Amino acid sequence: MWINLSFDVLSNIFSFLSPDSLARASSVCHHWHTCVHLHSLPYSTSHHHHRHLPWFLAFPTRNRSLCCYVQNPMTENGQVVSLDFLPDPARPVTSIGSLLLLRPTNCTLLRLGLCNPFTRQFKYLPMLNVARTNPAVGLVVGPAQYGLISDFKVYVAGGMSEVPRGGATYEPTLEMYDSRHDTWQIVGPMPVEFAVRLTVWTPNESVYTNGVLYWMTSARAYSVMGLNIKSNMWRELSVPMADRLEFATLTQRNGKLILVGGGICVNGACVWELYEEEDWWLIEKVPIELGLRLLGGRAKWESTKCVGSEEAICLYREIGSGMIVWRRQVEVENGDGDLIIKSKSKWEWIWVNGDKQVQNVPIKGVLLHPSLALSCTLN
């Protein structure tokens with residue numbers, strides 16, 4: 001009976017499977033393998049976002065090995081995934097649905113590419129109009145159509161560029177990549193002081209919400225840089241306890257800008273939510289026992305990192321030391337790891353063990369909804 005099912009019917013059935021189960025299903029027969037890789041819905045659909053939480057991908061930061069460590073926070077199953085299909089060693093900037101936005105690590109000038117680590121697809125984006133070193137990178141994802149991400153835009157701000165007579169200068173322009181046209185264009189100027197701040201003190205991570213792209217500066221005292229996409233207006237926001245935080249990261253939750261930060265003087269780690277203008281509200285605190293477990297009893301937060309999405313926020317340090325996850329409350333439906341959301345409004349703190357068999361090295365983490373469907377974006 002199963003061999004006679006149409007691709008459409010099988011695709012709908014497969015949409016309820018976790019990536020682990022879907023991979024096993026693809027090995028049953030040629031018919032199922034074809035359906036999984038050509039007809040299954042990507043995990044960027046809204047349906048999957050309600051059934052599955054994102055996976056944690058860890059990239060080593062101090063070597064150029066073409067691999068990453070992948071962990072399902074729900075089952076704690078982890079494995080090393082080879083990235084030997086990439087033309088160059090790379091580190092992640094952010095995720096776009098089931099795809100990773102990457103930048104090579106063997107070149108000082110910014111070059112961006114897209115890949116699906118599970119289908120082993122990759123392509124470089126076109127070169128920027130202005131060659132830049134160390135600019136800030138931001139992502140804006142368009143509205144979903146039929147549950148799929150329809151298009152996205154990548155914004156590049158600041159950075160250092162060469163001048164005609166030699167030397168370098170801060171680049172006071174904003175450049176944008178539009179996936180619909182596969183081109184870059186200069187979309188406007190930016191204040192030089194913001195270009196300097198974004199180049200020197202800002203990591204690549206950005207958050208887009210309510211029409212504004214936000215970056216966290218890495219200099220203490222921390223502050224937030226914001227760009228209104230429509231008006232091209234820049235502004236700087238203050239950060240709660242800015243001079244006492246040992247780490248600070250931006251993410252989002254329920255469409256709101258979220259700040260996660262911590263330090264000894266702050267008595268642990270806290271979660272703030274931005275309301276109107278610069279009104280930050282404290283909405284959560286990391287449980288003390290989980291914080292001590294993450295820090296190994298040292299009470300030093302400066303090497304803590306954080307990555308988040310609409311479904312989960314992860315605090316981590318190294319690949320083998322475990323991590324703290326604040327996630328939408330879920331329950332396991334069956335042994336295959338398929339999940340059902342108990343309540344969209346309730347979140348819970350959990351501890352996820354690290355893999356002691358993996359070399360404990362510093363990492364850069366990203367959350368991604370894995371997909372085994374081939375992406376037309378990468379064709």
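No experiment lies behind these values; they were computed from the predicted model shown.
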Tyr69/Phe59 aromatic ring centres below 6.0 Å: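 When the ring centroids of Tyr69 and Phe59 are compared, they turn out to be at least 6.0 Å apart.
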Residue that, paired with Val325, satisfies side-chain contact (heavy atoms from CB on, under 4.5 Å) out of Ile350, Ile313, Leu315, Leu290: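 Of the listed options, the one satisfying the test is Ile350.
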Candidate list Thr133, Asn134, Val137, test side-chain contact (heavy atoms from CB on, under 4.5 Å), partner Leu110, passing option: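 Running side-chain contact (heavy atoms from CB on, under 4.5 Å) over Thr133, Asn134, Val137 with Leu110 returns exactly one hit, Val137.
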Charged N to carboxylate O under 4.0 angstrom, [X] versus [Y]?
X	Y	result
Arg253	Glu311	no
Arg111	Asp88	no
Glu205	Lys364	yes
Glu348	Arg328	no

Hydrophobic cluster identity match, [X] and [Y], side-chain contacts under 4.5 Å:
X	Y	result
Met225	Leu213	yes
Tyr222	Leu282	yes
Val192	Met160	yes
Trp301	Leu245	no

Check: Tyr177/Asp182 side-chain N/O donor and acceptor closer than 3.5 Å: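 A pair is found: one side chain offers a donor N or O, the other an acceptor, under 3.5 Å apart.
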Modelled atom types, side-chain donor and acceptor of Asn129 and Gln185, under 3.5 Å: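 Result is no, nothing qualifies.
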Parallel, tilted or perpendicular, as decided by the 30° and 60° cut-offs, for the rings of Trp234 and Phe194: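 Rings of Phe194 and Trp234: tilted, as their planes differ by 30° to 60°.
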Ser371 to Asn116 - nearest heavy-atom pair and separation: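 So the minimum-distance heavy-atom pair works out to O-ND2, 3.3 Å.
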